[in-house]
Amino acid sequence: MSENRKYIDQSEQLVKRYENDRQHYFMLEEFIAIADYYAINNNYKKALEVNSTAEIFYPSSFELKTIKADLYIKNNEFEKAEKIIKDIEYNSDVITDVYILRGEICLKKHQYKSAEKLFDKAIELSDDKDFAIELVCDFLITMYQLQLAKKYLEMAQKTIKYINPDLLYWLAKCYETESEYGKAVKIYESMTESEPFNERFWDELGNTCMLMSDYEKAIKAFDLRLAVSNKDAQDTLINKAECFSMLGKNDEAIKLYNKMLDFEKENLDALFGIAKCYEREKLYDVAEKLYFNIIEKDKKFIDAYYGLAMIYSQKNEFKTAELFLRKALDDIDFAPAFLVGLSRLLLKQDKLYEAQQTIERFINDYNQSIYDCYPWLVYAEIISKTDIEKAIEILEKKYNETFYSMPEVCYHLAYYHLKNNNIPQCIIYIERGLELDDTMMKQFFELCPEAKLNEQIMNVYLSFITKK
């Protein structure tokens with residue numbers, strides 16, 4: 001990770017020289033670093049300009065040609081990319097790159113099976129499989145195709161003797177996204193063993209333990225991170241306090257937040273943490289005053305608006321809760337999570353049309369929503385109030401479109417099929433859900449307690465638990 005930071009710092013210095021110098025002469029690897037810097041910041045036009053300048057000095061460089069094709073692909077200029085690929089495809093030195101580039105084009109055109117075959121071939125032919133896997137996974141992760149990325153990252157773990165730490169880190173992130181937190185934790189534990197003085201690894205371990213609700217273990221990881229260094233540790237302290245709060249130890253959490261306030265009286269993150277603690281203790285009046293205090297000091301502290309909305313929602317004062325969410329959306333830059341929360345509040349008030357419009361705005365405007373199941377669950381819930389078959393269609397389409405599906409999708413589909421009196425389909429999705437995460441079966445029973453009276457459903461569930 002430190003090597004990445006060093007590379008970025010060096011690239012920034014080269015970019016400053018490039019933008020200030022008139023001659024624009026650099027070594028080949030320096031030109032590449034400059035183009036890479038612009039590409040990372042999604043400025044493909046500038047990256048292509050740098051690449052073209054570099055080709056004047058290094059006209060025979062196949063590396064520049066492959067980079068140019070890659071930039072065209074990232075900018076969705078597939079015809080230009082294909083033209084370059086045809087010019088270099090018979091050169092043995094870049095055969096791996098050619099397969100990767102063609103795989104990228106297929107993936108961008110949603111031809112997933114063809115893309116996978118091309119990536120497989122690229123890795124098979126590469127003399128440096130570590131590097132080939134890194135190139136493939138870098139693209140897949142950028143495109144949020146995490147299931148396929150996970151396949152190659154797991155392959156690297158099994159076949160490469162000294163695996164690149166970046167690949168291990170990416171694999172852990174893939175596991176996190178798919179809620180395979182236990183596997184992610186094992187990777188972070190191995191990374192802390194190999195680099196015990198790297199505070200970032202301890203933070204990642206603690207954060208992942210939080211995701212799997214292992215707050216005691218998370219606190220230990222954060223303590224070890226703080227033992228390594230207490231510099232730039234605000235996020236670590238806040239996460240540690242949050243762990244205390246989630247364990248019901250709100251007094252301990254508040255003590256830690258107050259220590260942060262002793263060093264920085266206007267630390268609004270610490271003040272917000274205290275407000276959350278009081279909210280969890282159901283001391284809503286105290287929490288409410290603190291949230292208003294935060295907003296008075298910083299009108300753009302959007303989480304305080306959300307906190308107020310949740311307090312009024314708990315009081316069943318949905319109109320007031322709605323006002324706070326709308327106020328945040330009016331005054332603050334686009335906050336996607338607020339749209340989902342607003343949709344749920346509108347649903348509670350039976351404002352189905354407004355709820356549907358709001359969640360559809362989220363889905364259409366926020367690109368990453370296509371990989372996140374939660375907005376689609378809310379969308380299906382809204383639609384199910386008037387058309388349960390359409391709700392099923394929405395979720396089944398998303399289930400089949402993505403490389404991976406979250407277990408919540410399975411259990412919600414099971415729920416809707418049960419409501420639609422389709423027991424066979426209900427059972428299919430229960431079985432899939434159990435394979436992904438059997439602990440979430442509790443969520444299914446919360447959605448429809450009557451399922452416990454269905455003999456077929458209970459036989460499937462008990463049979464799975466017994467075999468486990």
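Just so you know, these numbers come straight off a predicted model, no measurement behind them. Side chains included, hydrogens not; waters and symmetry mates left out as well; all remaining heavy atoms used.
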Please tabulate, one pair per line, all N/O donor-acceptor pairs under 3.5 Å involving side-chain atoms of residues 150-160, not counting sequence neighbours.
residue: K150; atom: NZ; partner: E178; partner atom: OE1; Å: 2.8
residue: K150; atom: NZ; partner: E180; partner atom: OE2; Å: 2.8
residue: K151; atom: NZ; partner: E116; partner atom: OE2; Å: 2.8
residue: K151; atom: NZ; partner: D120; partner atom: OD1; Å: 3.0
residue: K151; atom: NZ; partner: D120; partner atom: OD2; Å: 3.3
residue: Y152; atom: OH; partner: E116; partner atom: O; Å: 3.2
residue: Y152; atom: OH; partner: D120; partner atom: OD1; Å: 2.8
residue: E154; atom: OE2; partner: Y175; partner atom: OH; Å: 2.6
residue: T159; atom: OG1; partner: M155; partner atom: O; Å: 2.8

Determine whether the side chains of Y169 and E204 contain a donor N or O and an acceptor N or O closer than 3.5 Å. yes
Kindly give the heavy-atom pair with the smallest separation between P375 and F362, and that separation in Å. CG-CE2, 3.0 Å
Closest non-hydrogen atom pair, L168 against I187: O-CG2, 3.6 Å
Output side-chain donor-acceptor pairs under 3.5 Å for residues 238-245, partner residues at least two apart or in another chain, one line each.
residue: N239; atom: ND2; partner: N207; partner atom: OD1; Å: 3.1
residue: N239; atom: ND2; partner: D235; partner atom: O; Å: 3.2
residue: K240; atom: NZ; partner: D223; partner atom: OD1; Å: 2.7
residue: E242; atom: OE1; partner: R280; partner atom: NH1; Å: 3.1
residue: E242; atom: OE2; partner: R280; partner atom: NH1; Å: 3.3
residue: E242; atom: OE2; partner: R280; partner atom: NH2; Å: 2.7
residue: S245; atom: OG; partner: N250; partner atom: OD1; Å: 2.6
residue: S245; atom: OG; partner: R280; partner atom: NH1; Å: 2.8

ring-ring contact (aromatic ring centres under 6.0 Å, His included): which pairs involve residues 447-467, sequence neighbours left out? F445-Y461
Above 12 or not: heavy atoms from other molecules or residues under 6.0 Å from NZ of K220? no
Do other residues, nucleotides or ligands put more than 12 heavy atoms under 6.0 Å from the NZ atom of K108? yes
Neighbour count >12 (heavy atoms, 6.0 Å) for atom CD, E393: no
Residues at least two apart in sequence or cross-chain that pass side-chain hydrogen bond (donor to acceptor under 3.5 Å, both in side chains) with K121, listed by chain then number, are none
Candidate pair E199 and K231, rule salt bridge (charged side-chain N to carboxylate O under 4.0 Å, His left out), full reasoning: CA-CA 10 Å; E199 57 263 29; K231 187 179 178 182; over 6 Å; no
Side-chain donor-acceptor contact under 3.5 Å, T439 with D437: yes
Is there a donor-acceptor contact under 3.5 Å from the side chain of S384 to the main chain of E381? yes
G206 to A218 - nearest heavy-atom pair and separation: O-CB, 3.4 Å
Between K255 and D251, does at least one N-O distance fall below 4.0 Å, as a salt bridge requires? no
Determine whether the side chains of Y99 and D97 contain a donor N or O and an acceptor N or O closer than 3.5 Å. no
Taking atom CG as the centre, does N230 end up with more than 12 heavy-atom neighbours from other residues, nucleotides or ligands that are less than 6.0 angstrom away? no
What one should report as the nearest heavy-atom pair of I382 and S343 is CD1-CB, 4.3 Å
Hey, does the Lys NZ or Arg CZ of R432 hover above the aromatic six-ring of Y429, less than 6.0 Å from the centre and inside 45° of the axis? yes
F272 CZ: over 12 foreign heavy atoms closer than 6.0 Å: yes
By side-chain hydrogen bond (donor to acceptor under 3.5 Å, both in side chains), E189 pairs with (sequence neighbours left out) K217
Are more than 12 heavy atoms from other residues, nucleotides or ligands located less than 6.0 Å from atom CD of E455? no
Shortest non-hydrogen contact between Y257 and C277, atoms and distance: CE1-SG, 4.0 Å
Scanning both residues in full, the closest heavy-atom pair of T208 with Y188 reads OG1-CE1, 3.1 Å
With salt bridge (charged side-chain N to carboxylate O under 4.0 Å, His left out) as the criterion, how do E354 and R326 come out once you've worked through the C-alpha distance, each side chain's angles and the decisive distance to 0.1 Å? CA-CA 13 Å; E354 288 183 65; R326 288 194 183 279; 3.3 Å; yes
Does either side chain, that of H417 or that of Y415, offer a donor lying less than 3.5 Å from an acceptor on the other one? no
Partners passing side-chain hydrogen bond (donor to acceptor under 3.5 Å, both in side chains) against Y291 (at least two apart in sequence or in another chain): E279
Does a sphere of radius 6.0 Å around NZ in K186 hold more than 12 heavy atoms from other residues, nucleotides or ligands, not counting ones at 6.0 Å or beyond? no
